[in-house]
Amino acid sequence: MGKYGCLDFSARLNIFIKGIALLMRSRLKLVSLIFVSITCASFSTYYSLVYQAKTLHLKGATFDFTEEYAKAIESYQQALVIRRILHDRRGEINTLNGMGIVYRHQEQYLQALEIYQQALDVSQQANYSLEKSDTFSNIGVVYEKQRKNSEALSSYQEALQLAKTEGDREREGTILSNIGVVYASLGDSRKALDFC
């Protein structure tokens with residue numbers, strides 16, 4: 001202490017630096033707390049949207065099952081908007097395939113094929129082979145319903161190749177069965193049995 005009871009310059013400087021450090025630590029804690037709050041809110045919003053998209057997708061499937069097709073399409077469209085906002089490519093493909101199925105159930109084959117083409121484009125961009133396989137299978141079903149058997153077989157072959165490449169034996173089995181059904185409808189029972 002100096003002669004007037006004051007701290008000398010170096011002691012005052014040391015207290016000042018400690019004070020600044022303490023203030024910085026408390027502000028850092030405040031900044032950290034704000035960051036955590038914002039991050040939690042962002043995650044909360046993100047997962048809320050993910051949940052909302054899944055719920056709308058399931059509602060679409062339920063409305064399709066109960067043959068409330070307009071409501072099914074509306075639910076799928078709402079889910080699709082959210083999935084695109086979230087950049088959920090896999091979810092987008094699944095929702096597009098769901099919409100295509102609704103159009104197929106209404107025998108609106110052209111709309112179904114247009115929607116499936118969108119799903120193929122997204123799965124190609126995202127390099128999702130299994131989703132692409134599912135979409136080719138769905139396209140095969142549309143062609144089969146239209147009695148366009150060669151197009152159906154071609155689509156099923158594309159689907160089968162992708163499933164084989166990915167080693168998905170369950171998908172392979174389903175697709176082979178679909179191919180067998182097409183051959184059976186053509187009256188070629190021997191070839192049908194090769195695939196079933």
Side-chain angles (χ1 to χ4, degrees), residues 50-51 53-65 67 69 72-73 75-77 79-196:
V50 168
Y51 176 76
K54 284 182 181 182
T55 301
L56 288 164
H57 182 96
L58 290 173
K59 280 176 68 176
T62 303
F63 285 133
D64 179 40
F65 181 76
E67 298 180 0
Y69 299 124
I73 293 295
S75 291
Y76 278 132
Q77 285 173 335
L80 189 61
V81 168
I82 295 169
R83 286 183 160 166
R84 284 178 172 161
I85 288 168
L86 296 173
H87 302 286
D88 176 7
R89 307 298 275 180
R90 198 165 261 125
E92 182 179 350
I93 296 162
N94 291 334
T95 298
L96 287 166
N97 274 312
M99 288 174 69
I101 290 168
V102 174
Y103 285 121
R104 185 183 79 217
H105 287 161
Q106 297 177 84
E107 298 180 359
Q108 296 179 12
Y109 300 126
L110 183 58
Q111 290 91 333
L113 290 172
E114 288 172 1
I115 292 292
Y116 290 143
Q117 186 58 55
Q118 289 179 46
L120 280 178
D121 293 345
V122 175
S123 60
Q124 181 67 36
Q125 293 164 5
N127 200 26
Y128 291 152
S129 296
L130 293 177
E131 286 77 6
K132 193 173 180 181
S133 174
D134 291 342
T135 305
F136 273 120
S137 286
N138 286 333
I139 291 169
V141 173
V142 169
Y143 285 136
E144 193 177 337
K145 295 283 184 188
Q146 294 178 299
R147 305 216 187 290
K148 295 181 178 180
N149 293 317
S150 63
E151 290 93 335
L153 287 172
S154 177
S155 293
Y156 287 141
Q157 290 295 340
E158 289 279 351
L160 182 62
Q161 185 57 45
L162 290 162
K164 281 183 177 181
T165 300
E166 293 297 319
D168 191 321
R169 304 285 294 166
E170 186 176 339
R171 267 186 182 85
E172 280 184 57
T174 300
I175 297 163
L176 287 169
S177 177
N178 289 344
I179 292 171
V181 169
V182 173
Y183 281 116
S185 73
L186 290 170
D188 192 342
S189 343
R190 186 171 297 251
K191 196 141 188 176
L193 289 173
D194 290 342
F195 289 95
C196 293

Review point. Nearest 0.5 Å, what's the CG-CZ distance between Leu186 and Arg147?
Key: 10.5 Å
Review point. Does a sphere of radius 6.0 Å around OH in Tyr143 hold more than 12 heavy atoms from other residues, nucleotides or ligands, not counting ones at 6.0 Å or beyond?
Key: no
Check your understanding: In Å and rounded to the nearest 0.5 Å, what is the CG to OH distance from Asp64 to Tyr103?
Key -> 11.5 Å
**Study point:** Lys/Arg-Asp/Glu bridge criterion (N-O < 4.0 Å) met for Glu92, Arg84
**Key:** yes
Check your understanding: Going through the distances and angles, do Gln117 and Asp121 end up as a side chain to side chain donor-acceptor pair (under 3.5 Å)?
Key -> CA-CA 6 Å; Gln117 186 58 55; Asp121 293 345; 2.9 Å; yes
Point to revise | Leu113/Ile139 under side chain to side chain contact (heavy atoms under 4.5 Å, CB included): CA gap, chis, key distance, verdict | key: CA-CA 7 Å; Leu113 290 172; Ile139 291 169; 3.9 Å; yes
Practice item. Would you check, one step at a time, whether the test side chain to side chain contact (heavy atoms under 4.5 Å, CB included) holds for Gln125 with Arg89? Key: CA-CA 9 Å; Gln125 293 164 5; Arg89 307 298 275 180; 2.5 Å; yes
Check your understanding: Should we count CD of Glu170 as having more than 12 external heavy atoms under 6.0 Å?
Key -> no
**Study point:** Heavy-atom side-chain proximity of Lys132 to Thr135 below 4.5 angstrom
**Key:** no
Review point. Are Arg90 and Glu131 close enough for a salt bridge, meaning some N to O gap below 4.0 Å?
Key: yes
Check your understanding: Parallel, tilted or perpendicular: which describes the rings of His57 and Tyr76, with under 30° parallel and over 60° perpendicular?
Key -> perpendicular
Practice item. Go through the steps for Arg83 and Thr95 under the test side chain to side chain donor-acceptor pair (under 3.5 Å), then give the verdict. Key: CA-CA 9 Å; Arg83 286 183 160 166; Thr95 298; 2.6 Å; yes
